[in-house]
Enquirer: 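So that we are looking at the same thing, I have put the structure below in structure tokens.
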Amino acid sequence: MGTEVISASDSGISRALLEWYEANHRDLPWRRNPEPYRVWVSEIMLQQTRVDTVIPYFERFLDRFPTLSDLAAASEDEVLTLWSGLGYYRRARSLLAGAKTVIEHHAGVFPRDYEAALEIPGVGPYTAAAILSVAYGEPWPVLDGNVERVLTRILRLADNPRTAATKKYLKEIAGGWMPRGKASSFNQAMMELGALICVPVSPNCAACPIHDACAAAEHGDPENFPKLPPRRKTVAVELEAGIIRRGKRYLLERNEDLDYLEGLWSFPLARPDSGGIAARLRKRLATSIEEGAELEAIRHSITFRRLTLRPRILGAGSFSTRAKPSFRWGRADELGNVLPVSSLCLKIADRLS
DNA sequence: GTCCAGCTCC
DNA sequence: GGAGCTGGAC
């Protein structure tokens, strides 16, 4: 890896990029009033999640928790409920823990210091740089997936961009191009370029403000970058969901035994290879369970697992959920509104209406 | 239907 | 190094 790459035209790249950004950037809710708390919430929600998906969640979250103090005082279940369907629920737990940390250790103000920011739960190198640059104008270059793609294409860099050495190198490049006093708009411009123009498939090089400086565009192979390592192969997982209804309410269970969706409510789930949902509930509820109709299967992916979930109507003898805190009754309209759930649970509920 | 992007933490 | 979730692209 060289260190003198594209130094002569740096100022040209920055100027063209910033001009493009001023004229073309999207009007997003968190950009209107980029105070640290709002930027923080947006950055956490935007991790692994598309802008269009985040916008309604962001609005609803800020309506309910307008300030850091409001959030810090909330229960984890309420935060998770507002997160229901957004995925990666650890982000919600970390955000709440982080809000409490900022109240307790930083007088309620997100720290301006990079190392201090990294101490906050859920805040890693990317998020720290994003918040400090966008909210405070501190000159930390961001390296997210968009910037990684833009830079590896400009440099036509075939190295694995996920290694520590390459990330360090790419951040040095971005930092070197960052104009003094323009950290916020420069970082956002790099990410916006990746999101709107320098997209993974069929990038719009003709519309790119810096295509003259791009080695991959010149070579005609931008889609070959970044070169990422192969992903883990997917595995098929079979699941059964048990649907037990009492009037308008359904039996729900907090996920505990799954390796995912932990702590969220769901229709009771079980692996058929461990006896299935009827056997599980017979044992957990100590009552008789009879199997009814099986509903259409639901497909849902969680990282490398491809779930095929078969909802089954069950009839149950008498039992009580008292003294069984992992079970409760809930109406379908409470899922995601009062009770924290995943979108898998919402898909099951959709089958019932 | 299948593939894919994406940041933090353990 | 690998796992966590979802929805949009193809």
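Letters A, B, ... mirror the listed sequences (proteins, then strands); counts begin at 1.
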Enquirer: Below 30° counts as parallel, above 60° as perpendicular, anything between as tilted: where do the rings of A:Phe61 and A:Trp83 land?
Expert: perpendicular
Enquirer: Just how far, in rounded Å, is P of C:dC5 from OH of A:Tyr57?
Expert: 14 Å
Enquirer: Take A:Val123 and A:Arg162, find for each the nucleotide of DNA chain B with the closest heavy atom, and name the residue whose nucleotide sits nearer the 5' end.
Expert: A:Arg162
Enquirer: Check for me whether the distance between the ring centres of A:Phe319 and A:Trp329 falls short of 6.0 Å.
Expert: yes
Enquirer: Please give, in whole Å, the distance from C:dG7 P to A:Leu307 CG?
Expert: 14 Å
Enquirer: For A:Asp221 and A:Asn224, indicate whether the former's side chain and the latter's backbone hold a donor-acceptor pair under 3.5 Å.
Expert: no
Enquirer: Please round to the nearest 0.5 Å and tell me the distance separating atom CD1 of A:Ile302 and atom OH of A:Tyr88.
Expert: 10.0 Å
Enquirer: Tell me the interatomic distance from A:Glu148, atom CD, to B:dC4, atom P, rounded to whole angstroms.
Expert: 16 Å
Enquirer: Pull out every residue in residues 342-353 of chain A that has a heavy atom closer than 4.0 Å to any atom of DNA chain B, ordered by number, or say none.
Expert: none
Enquirer: Would you say A:Arg149 reaches B:dG6's phosphate, i.e. side-chain N/O to OP1/OP2 under 4.0 Å?
Expert: yes
Enquirer: Between C1' on B:dA5 and CG on A:Leu46, what's the gap in Å once rounded to a whole number?
Expert: 13 Å
Enquirer: Quick check: on DNA chain C, is the nucleotide nearest A:Asp52 upstream (toward 5') of the one nearest A:Ile302, or the reverse? Name the residue that is more 5'.
Expert: A:Ile302
Enquirer: Under 3.5 Å, is there an N or O donor on one side and an acceptor on the other linking the side chain of A:Gln48 and the base of B:dC7?
Expert: yes
Enquirer: State whether A:Arg299 places a side-chain N or O below 4.0 Å from either non-bridging phosphate oxygen (OP1 or OP2) of B:dT2.
Expert: yes
Enquirer: Assess whether atom CZ of A:Arg180 is packed by more than 12 heavy atoms of other residues, nucleotides or ligands within 6.0 Å.
Expert: no
Enquirer: Taking it one step at a time, do A:Tyr126 and A:Glu43 satisfy side chain to side chain donor-acceptor pair (under 3.5 Å)?
Expert: CA-CA 9 Å; A:Tyr126 163 74; A:Glu43 289 299 340; 2.6 Å; yes
Enquirer: Would you say A:Thr303 places a side-chain N or O within less than 4.0 Å of OP1 or OP2 belonging to C:dG4?
Expert: yes
Enquirer: Measuring to OP1 and OP2 of B:dC3, would you say a side-chain N or O of A:Thr234 lies under 4.0 angstrom away?
Expert: no
Enquirer: Walk me through whether A:Arg280 and A:Glu253 qualify under salt bridge (Lys or Arg N to Asp or Glu O under 4.0 Å).
Expert: CA-CA 12 Å; A:Arg280 173 190 173 79; A:Glu253 184 180 10; 2.6 Å; yes
Enquirer: Measure the distance from CG on A:Leu143 to C1' on B:dG6 and round it to the nearest whole Å.
Expert: 12 Å
Enquirer: Please classify the nucleic acid contact of A:Leu261 as base, sugar-phosphate, or nothing, using heavy-atom distances under 4.0 Å.
Expert: sugar-phosphate
Enquirer: Roughly, in whole Å, what's the span from CZ in A:Phe225 to C1' in B:dA5?
Expert: 19 Å
Enquirer: Is it true that A:Arg331 and A:Asp333 make a salt bridge, defined as a side-chain N closer than 4.0 Å to a carboxylate O?
Expert: yes
Enquirer: Determine: side-chain N/O of A:Arg50 to OP1/OP2 of C:dA9, distance under 4.0 Å, yes or no.
Expert: no
Enquirer: Separation of A:Ile44 atom CD1 from B:dT8 atom P, in whole Å?
Expert: 7 Å
Enquirer: Please determine which of A:Arg153, A:Lys167, A:Arg162 meets the salt bridge (Lys or Arg N to Asp or Glu O under 4.0 Å) test together with A:Glu148.
Expert: A:Arg162
Enquirer: Is there a donor-acceptor contact under 3.5 Å linking the side chains of A:Arg31 and A:Gln188?
Expert: yes
Enquirer: Output the residues of residues 82-101 of chain A in contact with DNA chain B, where contact means a heavy atom of the residue under 4.0 Å from an atom of the strand; sort by number or write none.
Expert: A:Tyr88, A:Arg90
Enquirer: Could you tell me the separation between the CD atom of A:Glu119 and the C1' atom of B:dT8, rounded to a whole number of Å?
Expert: 14 Å
